[in-house]
Amino acid sequence: MNPWIAIGALALVSVGIPIAMMVVSSLIRPTVPEQGKSAVYESGEIPTGTTRIRFNIQYYMVALLFVVFDIETVLIFPWTVIYRPALEGGASLVEVLAPMLVFIGVLTVGLVWAWRQGAVEWVSSPRALEQKTETNQ
C-alpha cells in the first residue's frame, strides 16, 4: 500500500470530522434570537464608552522587546547545555564561545538601537509631566 494513501486518508478524516461536528451542531442546537446575545459581555458589567481606544505604542514596543529577549533566553539554554561537553570533546574555547558571543553581540546592538530610539523609555502621562514641571519651578 502506498504511504501517501494513508496520509491522504488521515488528512480527509482530520478535516471531515470537525466539519461534520459543526454541521450536526448547527442542525441540533436551538436558535433563539434575542437582543442580549448580541451585547458585549464584560464580566457582567454594562459596557460604557466606545470600543475604539487608542493605546500607547509603547506597550507594543515593550512587548516586542520582551519577545526578542525571551527568545534569546530560549536559545542560550541549549548552548549552555552543550558548552562543557564540547570543551571536553576537544573543541577549542574560541569555537565554543564565538557563535554565542556573536549572537549576544547582535542582540546588544539591537538593544542599543532600541534604547537610542527611545523604545525602552516609558512615556509619562501629561499629568506626570505637569507635576514634574511644577516641582522644578
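- Using a 4.5 Å cut-off between side-chain heavy atoms of Ile, Leu, Val, Met, Phe, Trp and Tyr, with links allowed through other members, Phe69 and Ile71 fall into the same hydrophobic cluster.
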Is there a side-chain contact (heavy atoms from CB on, under 4.5 Å) between Ile5 and Asn2? Walk through the geometry before answering.
CA-CA 6 Å; Ile5 294 173; Asn2 190 351; 3.9 Å; yes
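- Between Leu93 and Tyr83 there is a side-chain heavy-atom pair separated by less than 4.5 Å.
- Environment of CH2 in Trp115: sparse, with no more than 12 heavy atoms of neighbouring residues, nucleotides or ligands closer than 6.0 Å.
- Summarising the geometry of Val96 relative to Ala86, their closest heavy-atom pair is CG2-CB, 3.9 Å, with the distance given to 0.1 Å.
- Note that CD of Glu88 is 12.5 Å distant from CD1 of Ile82, once rounded to the nearest 0.5 Å.
- Under the 4.5 Å side-chain criterion, counting only non-hydrogen atoms from C-beta, Leu97 is in contact with Trp79.
- Atom OG1 of Thr80 sits about 11.0 Å away from atom CG of Leu75, to the nearest 0.5 Å.
- The shortest non-hydrogen separation linking Pro99 to Val94 is CD-O, 4.3 Å.
- Side-chain N or O atoms of Ser25 include none that pairs as donor or acceptor with a backbone N or O of Met22 at under 3.5 Å.
- Both Leu65 and Val67 belong to a single network of hydrophobic side chains, linked directly or stepwise wherever heavy atoms of I, L, V, M, F, W or Y lie under 4.5 Å apart.
- Met61 contributes atom CE, which lies 15.5 Å from atom CZ of Phe66 (distance to the nearest 0.5 angstrom).
- Neither Val109 nor Leu101 shares a network with the other; the hydrophobic side chains, linked directly or stepwise wherever heavy atoms of I, L, V, M, F, W or Y lie under 4.5 Å apart, form separate groups for each.
- Val15 pairs in a side-chain contact (heavy atoms from CB on, under 4.5 Å) with only one of the listed residues (Leu12, Val13, Ile19), which is Ile19.
- Note: Phe103 CZ to Leu107 CG = 4.5 Å, rounded to the nearest 0.5 Å.
- Two residues are said to be in side-chain contact when any heavy atoms from C-beta on lie closer than 4.5 Å; Ile104 and Ile76 meet this criterion.
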